Protein chains: 2
Amino acid sequence: MAKAKKRSDCPVSCSLDIWGDKWSLLIIRDLLFAKECTYGDFLKAAEGIATNILAARLLVLEENKIIEKLAHPDSKAKVLYRLTRKGIDLLPVMIEINLWAEKYFSIPEDRKALLQEVKKDKAGFIKAMTKELES
Amino acid sequence: MAKAKKRSDCPVSCSLDIWGDKWSLLIIRDLLFAKECTYGDFLKAAEGIATNILAARLLVLEENKIIEKLAHPDSKAKVLYRLTRKGIDLLPVMIEINLWAEKYFSIPEDRKALLQEVKKDKAGFIKAMTKELES
DNA sequence: TATCTTTACTTGCATTTTGCAAGTGTAAAT
DNA sequence: ATTTACACTTGCAAAATGCAAGTAAAGATA
């Protein structure tokens, strides 16, 4: 599919080349919070991603080793998506986005509760969650 | 211009509604590192943003109180852009993006040096840089 | 004082991406 | 044997992007 055109050597630019759009980080969010998702799970998210866009994003994320496909234990018709280590390592980025948004928007209570945990011990939270996601 | 359509209450989604594209965070990057930029300065960045896209992004960022326009002391023909507190508060996000990218891409030496400083004392770095940017 | 340049945009248009709706193929359930 | 579930693909209209050229105000230069 799309050949990745690198706009510059800047780390921010390189990152955005992969996941700099309105949907990719939402996919990663779902995987961080749910650990594993099927194609259908992503479609259920509140934002309502279109099926073709989802397929395109999943492909780019897979090509860039952010996510990987796994066989679903229950059925051959299902596919499990999960984060690679490279994808899991986006957790600190995801956390800071949440903390920023919490300061400037009103956000759901359950997310607020989670962020309370984060604020108590950020490094510990990241370590524990990373370990959980890797297993 | 564009009316902001909120896709969901998720903090990540709300954030991406504002700066979830390939260019906005590069503008914010330039402002974080240079403190103040003119329109022309943004155009000089290595990635080569188109003038109309730049104008559109600056407008959205201004509408969302991430940046503000200031009179340039040297000339009425110039405009200074700088980050608001809301924009400055994206520094932790920016830092984590850089740290992630450093782990998975090869990045310029000068940026690497800066990240060494960050890693020594992240909280201290953020505090100092925030203070500097606010002044 | 006239004109040339700089600066910050705007405009027109072709190309690309997005989004919606419908369709396809395989696997599982009835 | 037929229907349903699931993971996509396809076609097409609408929107966003990218490029090149243009505009208007301010400042510099002759």
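In what follows, chains are A, B, ... by sequence order, proteins preceding strands, each numbered from 1. All values derive from a computational prediction rather than experimental measurement.
Atom CG in B:L70 sits roughly 18 Å away from atom P in C:dT7 (whole-Å rounding). Distance, B:D17 CG to C:dT18 P: 15 Å, rounded to whole Å. When the C1' atom of C:dT15 is taken as reference, atom NZ of A:K5 falls 12 Å away, rounded to whole Å. In this entry the distance linking CG of A:L80 with P of C:dA27 reads 17 Å, nearest Å. Straight-line distance from the NE2 atom of A:H72 to the P atom of D:dC8: 13 Å, rounded to whole Å. Between the CG atom of B:L54 and the C1' atom of D:dT17 there is a distance of 14 Å, given to the nearest Å. As rounded to whole Å, 16 Å separates atom C1' of C:dT11 from atom CG of B:L59. Taking atom CZ on A:R57 and atom C1' on C:dT18, their separation rounds to 9 Å, with Å as the unit.
For B:S75, taking side-chain heavy atoms from C-beta onward, the closest of the listed nucleotides D:dA16, D:dT17, D:dA26 is D:dA26. Considering only side-chain atoms of B:N52, the nucleotide from C:dT11, C:dT17, D:dG27 that sits closest is C:dT11. Checked against D:dT17, D:dC8, C:dT17, the side chain of A:V79 finds its nearest nucleotide in D:dC8. Set against C:dA27, D:dG11, C:dT17, the side chain of A:A77 has C:dA27 as its closest nucleotide. In this structure, of C:dT18, D:dT9, C:dT10, it is C:dT18 that holds the atom nearest to the side chain of A:I53.
Between A:W23 and C:dT18, a side-chain N or O to OP1/OP2 separation shorter than 4.0 Å is absent. Put simply, A:K69 has a side-chain N or O that comes within less than 4.0 Å of OP1 or OP2 on D:dC8. Phosphate contact (OP1/OP2 of D:dC8, side-chain N/O of A:K78, threshold under 4.0 Å): absent. Within the structure, every side-chain polar atom (N or O) of A:Y81 is placed at least 4.0 Å from both OP1 and OP2 of D:dC6.
Applying the ring-ring contact (aromatic ring centres under 6.0 Å, His included) criterion to A:Y104, with sequence neighbours excluded, gives A:W100.
The main-chain N or O of B:S135 is found under 3.5 Å from a side-chain atom of B:K35 such that the two form a donor-acceptor pair. Counting only distance, with no hydrogens or angles, the side chain of A:D89 and the backbone of A:K86 share no donor-acceptor pair below 3.5 Å. Without hydrogens or angle criteria, A:T84 side chain to A:K65 main chain gives a donor-acceptor distance under 3.5 Å.
A salt bridge links B:E134 and B:R85; the closest N-O separation between the charged side-chain nitrogens and carboxylate oxygens is under 4.0 Å.
To the nearest 0.5 Å, atoms CD1 (A:I66) and OG (A:S24) are separated by 9.0 Å. Note that the CH2 atom of B:W19 and the CG atom of B:L26 stand 12.0 Å from one another [nearest 0.5 Å]. Atom CG of B:L31 sits about 10.5 Å away from atom CD of B:E68, to the nearest 0.5 Å.
Contacts of A:D21 with the nucleic acid, taken as non-hydrogen atoms under 4.0 Å apart, are absent.
Within residues 29-50 of chain B, no residue has a heavy atom under 4.0 Å from DNA chain D.
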